[in-house]
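Let me begin by presenting the structure, written as structure tokens, before commenting on it.
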Amino acid sequence: MNENLFAPFMAPVMVGIPITTLIIILPSILFPTPNRLINNRMISIQQWLTKLTSKQLMNTHSPKGQTWSLMLISLFLFIASTNLLGMLPHSFTPTTQLSMNVGMAIPLWAGTVFTGFRNKTKMSLAHLLPQGTPTFLIPMLVIIETISLFIQPVALAVRLTANITAGHLLMHLIGEATLALMDISLFTTLITFTILTLLTILEFAVALIQAYVFTLLVSLYLHDNT
């Protein structure tokens, strides 16, 4: 068995040069740009899914919030494609790196907060103090609400990292157990292999769901500030 369970999550290096950037750019190849009057089935399905996701995310936004639609759809497609890329054998999942997820979450969160302070200054400040708060609790609640505000991007990044990493670790452990049990009990091996197959199907769903949840939470932050 592999002694280091976290080896698949280490940034890949080729000839001493990190190739993480190339892996991150790779999923963009999966989304071809339509250049024909009549699109093929793949592009038609891609455009239909993009429009459906855009409608779900931007349905409740104001006109100012809808200007973020292209960025949010691009974010969803990027996270979903990189998550699915990690399901391939001997591949690397960039979204298992907390540093990368924090790098995505902080600028997006900061953009929504700055948008709120620019367009709705009084309302944004009012969120730091719930209505009807007793006077002696005002300093404490302002500190608590400020801390909770700054925790939002960290929660976004940690949620995505933890869910993707936990699923890959569980698949790795069950796969190793299946190989170890092949010489011991064929019946137990079939059971663990069935569990591994079902877990793999679940991980494909989790890869898409986590991309949607990340984008949806950014959309909700934007909705509160526009």
Side-chain angles (χ1 to χ4, degrees), residues 1-31 46 49-50 53 57 68-114 147-177 196 198-222:
M1 296 180 66
N2 188 2
E3 295 181 359
N4 188 359
L5 294 177
F6 293 92
F9 306 109
M10 295 180 181
V13 177
M14 182 179 293
V15 197
I17 302 174
I19 58 173
T20 307
T21 304
L22 295 177
I23 296 175
I24 293 174
I25 296 174
L26 179 62
S28 62
I29 304 174
L30 303 176
F31 302 101
Q46 171 188 323
L49 289 174
T50 302
T53 307
L57 289 174
W68 285 55
S69 58
L70 181 60
M71 181 183 293
L72 293 178
I73 290 300
S74 301
L75 176 68
F76 171 75
L77 293 176
F78 172 74
I79 298 177
S81 57
T82 50
N83 287 348
L84 292 175
L85 178 68
M87 298 300 297
L88 299 176
H90 305 287
S91 62
F92 172 71
T93 312
T95 47
T96 58
Q97 305 296 310
L98 183 61
S99 57
M100 173 182 165
N101 295 334
V102 170
M104 288 193 300
I106 290 180
L108 292 168
W109 166 83
T112 61
V113 172
F114 290 153
I147 293 174
S148 67
L149 179 65
F150 282 96
I151 284 177
Q152 288 178 354
V154 179
L156 269 179
V158 171
R159 181 186 294 106
L160 179 59
T161 304
N163 281 283
I164 301 300
T165 303
H168 283 58
L169 277 177
L170 192 56
M171 290 176 59
H172 178 76
L173 291 173
I174 296 178
E176 293 285 353
L196 179 61
L198 295 175
L199 182 61
T200 303
I201 297 173
L202 178 63
E203 277 303 302
F204 275 101
V206 168
L208 296 175
I209 291 172
Q210 288 304 315
Y212 182 76
V213 168
F214 189 97
T215 310
L216 180 62
L217 289 174
V218 174
S219 176
L220 291 176
Y221 297 155
L222 177 64

Exercise. Hey, could you give me the CG/NE2 distance between Asn83 and His168, rounded to the nearest 0.5 Å?
Key: 7.5 Å
Quiz item: What's the spacing between Leu202 CG and Ile209 CD1 if we round to 0.5 Å?
Solution: 7.5 Å
Self-check item: Contacts of Ser148 that satisfy side-chain contact (heavy atoms from CB on, under 4.5 Å) - sequence neighbours left out
Solution: Glu145
Quiz item: Just how far is it from atom OG1 of Thr215 to atom CG of Leu220, taken to the nearest 0.5 Å?
Solution: 11.0 Å
Quiz item: Could you give the distance from CG (Leu156) to OG1 (Thr161), rounded to the nearest 0.5 Å?
Solution: 10.5 Å
Practice problem: Evaluate the side-chain proximity of Met87 to Thr200: yes if any heavy-atom separation is below 4.5 Å, no if none is. | Solution: yes
Self-check item: Short side-chain to backbone donor-acceptor contact, Trp109 and Phe150, under 3.5 Å
Solution: no
Quiz item: Is a donor on one side and an acceptor on the other found under 3.5 Å between the side chain of Thr165 and the backbone of Ala162?
Solution: no
Self-check item: Heavy-atom check, side chain of Ile174 versus side chain of Leu199, under 4.5 Å
Solution: yes
Quiz item: Got a second to check how far Phe76's CZ is from Phe214's CZ, nearest 0.5 Å?
Solution: 13.0 Å
Quiz item: Which atoms form the tightest heavy-atom contact between Pro153 and Ala105, and what is the distance?
Solution: O-CB, 3.4 Å
Quiz item: Would you call Met71 and Leu108 a side-chain contact if the rule is heavy atoms closer than 4.5 Å?
Solution: yes
Quiz prompt | Validation row: Phe204, Leu84 side chains within 4.5 angstrom (heavy atoms) | solution = yes
Self-check item: Contact check, side chains of Glu176 and Met171, non-hydrogen atoms, under 4.5 Å
Solution: no
Quiz item: Tell me, do Thr95 and Gln210 make a side-chain contact under 4.5 Å, heavy atoms counted?
Solution: no
Quiz item: Does some side-chain heavy atom of Val102 sit less than 4.5 Å from a side-chain heavy atom of Val154?
Solution: no
Practice problem: Answer whether the closest heavy-atom distance between the side chains of Ile79 and Asn101 falls below 4.5 Å. | Solution: no
Quiz item: Roughly how far, to the nearest 0.5 Å, is CG of Leu160 from CG of Asn163?
Solution: 7.5 Å
